[in-house]
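Reviewing the structure listed below.
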Amino acid sequence: MSRESRLLEKERGQVNFNVEELTNIYDGGAEETKLRRKVADVIQNDPEVRCKDIGMMTREERYIDGVRRCVYLYKVLLPREGWTPVSKEVSHILRFCMSFGVHAGVFIPCLLSFGSDEQIAKWLPLAMQFQIIGTYAQTEMGHGTFLRGLQTTATYDKKNKEFVINCPEISAMKWWPGDLGKSANHALLMAQLVIDGKKYGMHPFMVQIRDLTTHMPLPGITVGDIGNKVGFETTDNGFLHLNQVRIPRENLLCKNAEVKPNGTYLTKASDKMVYGSMVRLRAIILESEAVSALGKACTIAVRYSLVRCQGELEPGKPEVSVMEYMTQQKKLLPYVAMTYVTHFACLKLSNQYNAFTREMDNNDISGLPELHALSAGMKAVVSEQCSDGIEILRKSCGGHGYSNASGIPIIWSSAVACCTYEGENTVMLLQCARLVHGMASYNAWNQSSVELVNVVKAHITQFIVTTFASGITELECTKPVKNVLQQLCALYALSCINASTGDFLKVGYLSPRQCDLAHEAELELLSCIRPNAVGLVDAFDFSDDLLQSCLGAYDGNVYERLFAWAKKSPLNKTEV
Ligand SMILES: CC(C)(COP(=O)(O)OP(=O)(O)OC[C@H]1O[C@@H](n2cnc3c(N)ncnc32)[C@H](O)[C@@H]1OP(=O)(O)O)[C@@H](O)C(=O)NCCC(=O)NCCSC(=O)/C=C/CC(=O)O
Ligand SMILES: Cc1cc2nc3c(=O)[nH]c(=O)nc-3n(C[C@H](O)[C@H](O)[C@H](O)COP(=O)(O)OP(=O)(O)OC[C@H]3O[C@@H](n4cnc5c(N)ncnc54)[C@H](O)[C@@H]3O)c2cc1C
């Protein structure tokens with residue numbers, strides 16, 4: 001056993017709470033843990049679909065590998081295991097970096113949100129069986145945030161009972177939709193509805209963009225991949241230009257509004273329902289895209305920091321693990337706390353969304369404004385805190401943190417995108433501000449928007465802390481687990497206060513002395529939590545396969561893994 005493995009084993013021996021119990025609490029119960037592990041076991045034991053080390057792959061190889069694994073998953077693995085695309089197991093499977101994330105996670109749910117029963121009956125089975133592969137095409141080259149400014153039009157042709165979809169200029173081209181570039185043959189396309197010259201706003205349309213047999217673009221369609229990006233290498237974010245493309249009247253997804261054959265426009269629900277898909281996604285993507293990513297980065301950085309020996313704390317004494325340095329504990333442990341605290345706050349948000357969908361089934365959408373405010377604010381605050389944290393954790397691993405061998409750069413490159421998609425974060429914070437604080441006049445509004453963004457960040461942080469604090473009070477668990485969760489709650493709250501002491505001092509909420517006490521309390525908590533650090537990240541239960549990290553493997557064998565990984569570099573195929 002290597003020295004590093006022995007160090008981790010020693011650390012695990014001093015954890016003072018039951019790690020398995022905390023894993024069960026994090027998962028939502030022992031049965032959930034069992035289900036998640038069963039899925040991970042199936043994935044990891046099937047070479048056709050298990051996570052591959054994509055660090056050395058080209059972009060094209062990563063895309064092809066992601067598509068191949070996904071098709072195998074849905075065509076072979078799910079039927080073999082007796083699962084369906086809506087089985088609970090699949091939500092755990094999608095953690096394994098599959099392609100077709102927008103098809104499964106956006107296109108299908110939006111079809112269910114916007115489609116009539118007949119339209120769902122027509123397209124859903126095809127989508128579930130991958131007979132059609134869809135994207136969600138809303139954003140254009142010229143507009144992503146300002147939806148009322150989208151330029152793609154759907155003009156109703158009464159004579160032929162068709163809509164003519166058109167991008168009037170280059171900035172109207174759809175740009176960014178995931179799975180669009182090479183995979184999708186259908187688009188759930190958002191366009192401005194026009195009837196007899198009158199504009200009715202953004203509406204959802206089902207548009208076939210490629211031939212189902214040849215996969216060639218249909219007439220009037222120009223489509224392709226938008227090129228390399230910061231991350232999401234397995235996803236072909238694409239562009240789509242439509243030139244006078246005709247679709248049947250029946251392709252307007254008409255749960256909330258429809259156009260009669262004679263061109264009469266009929267609304268069936270609030271025009272805000274068209275925004276509903278974004279509320280849903282903001283409420284549910286945070287756990288999988290941001291918090292889970294932070295948990296992986298914490299696991300890697302904590303395990304590595306416990307085995308990385310560097311320097312002396314006392315001259316002449318043996319080298320210590322970098323986790324002994326208070327500065328390292330300050331870098332790492334508040335983000336371990338943030339993972340736990342935001343995980344449970346996101347759970348509350350998705351529960352609130354599920355409650356709203358039940359009210360919506362009874363035609364009650366009175367809860368939508370508040371849910372929009374909370375989901376917009378949470379999406380902005382959590383995605384930013386998590387992606388900022390992942391970068392700090394990457395830097396805490398020194399040089400090896402800068403290598404793809406650490407696994408953290410690829411984790412960050414996906415997580416940071418969550419600050420932009422599903423609503424750019426600043427815009428989301430301002431949406432939350434206007435709904436929480438009311439909309440003043442536009443000028444007073446713009447002049448105070450910088451402060452309002454900060455007010456919303458504090459508002460949402462307070463929601464996160466109080467949600468977790470009340471959740472712990474109600475939690476039935478052993479005392480050691482409750483104790484460590486209370487420590488994490490206090491650490492997260494104190495780290496947020498200490499990061500904003502200026503605000504508290506400015507408004508006289510805290511005295512200088514109280515600020516000193518808050519700072520000292522945080523340092524004391526770091527020392528209390530330090531002995532449990534490895535247990536807290538082990539409890540996230542990320543397998544080595546899922547982490548894809550030479551620094552964060554469970555056994556701590558960092559150096560052997562690093563050397564083996566580097567030797568696979570294509571540059572090392574020849575000595576010269
Ligand atoms: C920024 C927005 C909200 C501005 O909306 P807009 O209509 O232009 O003006 P208002 O701010 O006046 O809003 C009008 C009215 O509607 C309410 N509202 C707005 N959004 C929502 C919502 N989501 N849910 C419910 N209600 C909403 C607003 O409160 C106003 O109500 P009043 O009663 O005060 O009139 C809008 O343009 C926006 O949301 N922009 C962000 C666009 C976005 O999120 N794009 C995502 C594209 S899909 C994507 O990124 C996919 C990624 C892949 C993946 O997720 O895997
Ligand atoms: C990885 C990824 C995947 C994506 N997938 C999809 C997809 O599948 N389907 C899809 O339709 N789209 C997708 N998008 C697009 C995404 O939804 C948009 O990029 C996002 O909505 C932001 O819009 P924008 O890019 O036009 O930014 P802009 O709105 O142009 O933002 C630029 C700057 O302007 C500021 N700003 C804009 N409006 C305001 C305002 N009112 N007040 C104050 N500041 C403002 C913003 O804060 C930002 O700083 C994806 C994007 C990414 C990065």
Side-chain angles (χ1 to χ4, degrees), residues 94 98-110 113 134-150 152 171 173-181 183-184 187-191 201-202 204 226 229-240 269-286 288-290 353 356 360 365-377 379-380 383-384 413-436 438-439 442 445-446 449-450 452-453:
L94 294 178
M98 296 286 178
S99 289
F100 300 155
V102 174
H103 169 78
V106 189
F107 174 79
I108 289 177
C110 288
S113 298
T135 184
Y136 179 78
Q138 175 176 294
T139 302
E140 297 173 352
M141 194 189 269
H143 288 89
T145 289
F146 188 56
L147 299 184
R148 282 180 286 141
L150 291 177
T152 301
S171 59
M173 191 186 305
K174 294 302 179 182
W175 196 275
W176 271 114
D179 300 341
L180 168 61
S183 307
L188 196 160
L189 182 126
M190 293 304 209
M202 185 175 80
I226 63 171
K229 320 177 282 279
V230 168
F232 277 117
E233 299 270 327
T234 54
T235 302
D236 53 327
N237 296 86
F239 60 79
L240 172 66
S270 158
D271 59 351
K272 298 207 180 85
M273 289 316 295
V274 74
Y275 290 128
S277 63
M278 291 175 274
V279 170
R280 173 187 168 278
L281 285 161
R282 290 165 193 159
I284 67 168
I285 59 172
L286 285 176
S288 58
E289 301 302 322
Y353 174 77
F356 169 70
M360 196 167 57
I365 65 162
S366 56
L368 184 57
E370 186 195 341
L371 187 63
H372 166 41
L374 182 60
S375 60
K379 184 265 180 194
S383 61
E384 186 135 310
S413 69
S414 295
V416 72
C418 197
C419 297
T420 305
Y421 64 63
E422 292 307 345
E424 200 282 328
N425 276 359
T426 305
V427 174
M428 292 299 101
L429 290 167
L430 292 170
Q431 279 295 303
C432 183
R434 70 175 272 174
L435 289 152
V436 171
M439 179 74 169
Y442 285 102
W445 174 262
N446 193 28
S449 56
V450 173
L452 282 168
V453 158

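For reference, positions follow the sequence shown, starting with 1. Both counts, for ligands and for their atoms, begin at 1 and track the order of listing.
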Using a 3.5 Å cut-off on N or O atoms only, is Gly178 in polar contact with ligand 2? yes
So the atoms of ligand 1 within less than 4.0 Å of a heavy atom of Val279 turn out to be 22 (C), 23 (N), 24 (N)
Self-check item: Short N or O distance, Tyr136 and ligand 2, threshold 3.5 Å exclusive
Solution: yes
With heavy atoms and a 4.0 Å threshold, my read on which part of Phe232 contacts ligand 2 is side chain
Requested in this report: Tell me, please: is Thr145 in heavy-atom contact with ligand 1, that is, under 4.0 Å?
Outcome: yes
So the atoms of ligand 1 within less than 4.0 Å of a heavy atom of Phe146 turn out to be 8 (O)
Atom 7 (C) of ligand 2: closest protein heavy atom, distance to 0.1 Å, is Pro177 CA, 3.4 Å
Within the 4.0 Å heavy-atom cut-off, what Leu281 brings close to ligand 1 is neither
So the atoms of ligand 1 within less than 4.0 Å of a heavy atom of Arg282 turn out to be 23 (N), 39 (O), 41 (C), 43 (C), 44 (O)
Ligand 1 to Gly144, heavy atom cutoff 4.0 Å, flagged ligand atoms 42 (C)
The answer for which part of Gln431 has a heavy atom under 4.0 Å from ligand 1 is side chain
Between ligand 2 and Trp175, is the shortest N or O to N or O distance under 3.5 Å? no
One finds that the ligand 1 atoms under 4.0 Å from a non-hydrogen atom of Gln138 are 42 (C), 43 (C), 45 (N), 46 (C), 47 (C)
Quick look: Thr235 vs ligand 2, heavy-atom contacts under 4.0 Å, and the answer is neither
Strictly under 4.0 Å, does any heavy atom of Val106 approach an atom of ligand 2? no
Check your understanding: Should Tyr136 be counted as touching ligand 1, given the test is an N or O pair under 3.5 Å?
Key -> no
task = Check the angle between the aromatic planes of Phe100 and His103 and answer parallel, tilted or perpendicular using the 30° and 60° thresholds.
result = perpendicular
Any non-hydrogen side-chain atom of Asp179 less than 4.5 Å from a side-chain atom of Asp236? yes
> Less than 4.0 Å between atom 29 (O) of ligand 2 and some protein heavy atom, yes or no?
Replying inline: yes
- Message: Under 3.5 Å between any N/O of Gln138 and any N/O of ligand 2: does that happen in this structure?
- Response: yes
Checking heavy atoms under 4.0 Å, the part of His372 that sits near ligand 1 is side chain
Here the atoms of ligand 1 under 4.0 Å from any heavy atom belonging to Val427 are 1 (C)
Angle between ring planes, Tyr421 versus Phe232, binned at 30° and 60°: parallel, tilted or perpendicular? tilted
- Query: Does ligand 1 have an atom under 4.0 Å from some heavy atom of Glu289?
  - Reply: no
Please check whether Gly144 reaches ligand 2 - meaning an N/O of the residue sits under 3.5 Å from an N/O of the ligand, judged on distance alone. yes
Checking contacts now, so for atom 14 (N) of ligand 2, which I'm interested in, is there any protein heavy atom under 4.0 Å?
yes
Checking heavy atoms under 4.0 Å, the part of Asn425 that sits near ligand 2 is neither
